[in-house]
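Because the structure is a prediction, the values reported are computed rather than measured. Sequence lines set the chain letters: A, B, ... in the order given, protein chains first and strands last, and positions in each chain run from 1.
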Number of protein chains: 2
Amino acid sequence: MMELTRKGEYAVRGIIHLARQPYGNVALLSDIAEEADIPQTFLAKIFQQFAKLGFVNSYRGSGGGFSLARPASTITLRQVVEAVEGPIAPNRCIPEADACQRSATCAVHTVWRRVQLQALEILDGVTIEELARESNIQ
Amino acid sequence: MMELTRKGEYAVRGIIHLARQPYGNVALLSDIAEEADIPQTFLAKIFQQFAKLGFVNSYRGSGGGFSLARPASTITLRQVVEAVEGPIAPNRCIPEADACQRSATCAVHTVWRRVQLQALEILDGVTIEELARESNIQ
DNA sequence: ACTAAAAAGGATAAAAATGGTCCTAAAGGC
DNA sequence: GCCTTTAGGACCATTTTTATCCTTTTTAGT
Ligand code: SF4
Ligand code: SF4
């Protein structure tokens, strides 16, 4: 439970593989999808979201593909995950306080908030550059 | 994303309300369900799981109901959540390492592990007794 | 014994989320 | 004009979530 979906996992794997390319290099979606072992049409949707958010540049037509739009060291794991999964929160009442009218006086609520803050602190502190450098994902 | 389901939320709210009773007191499912604002038949399933796990005692028949089987101070939030949601893990590869053959050399994997450990540390440190005492959930 | 109360357990089902696929359009290089 | 490649939208199967309902079992009280 409370697990990343495939979409989130693919987003992370996909952008790490893109970050492995020489910076500025335009890579084919089909190549990234194959290397990262992700269904190509699914990864296409994810990279489209990344393009809208300014994480990657996309180029159409012959010779086209995707490249990182910013240095990998400026993209955090949190940003990537939240781009496709929405706000990171362990309970409904955390991203939307009015999801529960008890939140003002609820001690459980404050526990979930602590969990969220710890998770965000970790994910904010990890960049795609580190992950691309340290990981040896096939 | 990565949010507790209703079942998990109801489990926590339900056992907190039970813990509000004088210790040893046998409460009706219907009363707990109404106080905690949980569909009664749904809460029934949850409390059945709790009974199997030894968190609560159940008594059938007239005069029956549920009571805590252990002092609320010995039941942690983690135990309650894991009872109904399974292992707390931010990604599939955390509870089952062989869910991904990359886990041995994957830097992302170690990040998710850190997130998990932080979350478990927090949830292990909170007991139902504290929550019942500090919360003012209607 | 009889009856009412209450949980146990199993079957069922609607709704939502997940995990994709497919097709057409648009854009760019030759 | 043709080929390549991404963009965008529609669509769909499966799984998970979120319950509800019904029958059975157990118990207390009379
Ligand atoms: S009862 Fe507390 S923890 Fe549960 S949803 Fe409401 S505010 Fe959040
Ligand atoms: S690639 Fe890494 S983070 Fe993703 S599932 Fe595999 S081990 Fe876990």
Tell me the interatomic distance from [X], atom [atom1], to [N], atom [atom2], rounded to whole angstroms.
X      : N       : atom1 : atom2 : value
F42(B) : dT20(D) : CZ    : C1'   : 11 Å
L43(B) : dT20(D) : CG    : P     : 12 Å
E9(B)  : dT18(D) : CD    : C1'   : 14 Å
L28(B) : dA28(D) : CG    : C1'   : 13 Å
I32(A) : dT5(D)  : CD1   : C1'   : 14 Å

Practice task
Please answer whether the main-chain N or O of E34(A) pairs with a side-chain N or O of Q40(A) as donor and acceptor at a distance below 3.5 Å.
Solution key: no
Exercise for the section: Please confirm whether the backbone N or O of G8(B) pairs with a side-chain atom of E85(B), one donor and one acceptor, at under 3.5 Å? Expected result: yes
Fill in the blank from the handout: Value for CG (L53(B)) from CD (E82(B)), rounded to nearest 0.5 Å, stands at 11.0 Å
Practice task
Enter the distance from L43(B):CG to D37(B):CG here, rounded to the nearest 0.5 Å.
Solution key: 11.0 Å
Problem - Under 4.0 angstrom between T5(B) side-chain N/O and dT18(D) OP1 or OP2 - result: yes
Practice task
Enumerate the residue pairs fulfilling ring pair (Phe, Tyr, Trp, His ring centres under 6.0 Å) with a member in residues 56-113 of chain B, sequence neighbours excluded, ordered by first and then second residue.
Solution key: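 Counting only pairs at least two positions apart or across chains, the ring pair (Phe, Tyr, Trp, His ring centres under 6.0 Å) contacts touching residues 56-113 of chain B are F47(B)-F66(B).
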Exercise for the section: Could you tell me which residues satisfy salt bridge (charged side-chain N to carboxylate O under 4.0 Å, His left out) with D31(A), sequence neighbours excluded, listed by chain and number? Expected result: none
Practice task
Test Q118(A) against every option in L117(B), V115(B), I122(B) by the side chain to side chain contact (heavy atoms under 4.5 Å, CB included) rule and name the one that passes.
Solution key: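 Filter result, single survivor: I122(B).
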Completion exercise
Residue pairs passing the side chain to side chain donor-acceptor pair (under 3.5 Å) test with at least one member in residues 87-96 of chain B, sequence neighbours excluded, are E9(A)-N91(B)
Exercise for the section: Between R92(B) and A44(B), just flag the one whose closest nucleotide in DNA chain C comes earlier from the 5' side. Expected result: A44(B)
Completion exercise
Contacts of S30(B) and K7(A) projected onto DNA chain C by closest heavy atom; the upstream (5') one is S30(B)
Problem - Sorted by number, the residues of residues 45-61 of chain A with heavy-atom contact under 4.0 Å to DNA chain D - result: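 Of all residues in residues 45-61 of chain A, the ones placing a heavy atom under 4.0 Å from DNA chain D are K45(A), Q48(A), K52(A), S58(A), Y59(A), R60(A), G61(A).
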Practice task
Would you grab the first and last nucleotide of DNA chain C (5' to 3') that comes under 4.0 Å of any non-hydrogen atom in chain B?
Solution key: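 Taking any atom under 4.0 Å from a heavy atom of chain B, the span is dA5(C) to dG19(C).
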Check residues 68-77 of chain B and write down every donor-acceptor pair under 3.5 Å in which the side-chain atom is one partner and the other belongs to a residue at least two apart or another chain.
{"unit_1": "R70(B)", "atom_1": "NH2", "unit_2": "T74(B)", "atom_2": "O", "d": "2.8"}
{"unit_1": "R70(B)", "atom_1": "NH2", "unit_2": "Q79(B)", "atom_2": "OE1", "d": "3.3"}
{"unit_1": "T74(B)", "atom_1": "OG1", "unit_2": "P71(B)", "atom_2": "O", "d": "2.7"}
{"unit_1": "T76(B)", "atom_1": "OG1", "unit_2": "Q79(B)", "atom_2": "N", "d": "3.1"}

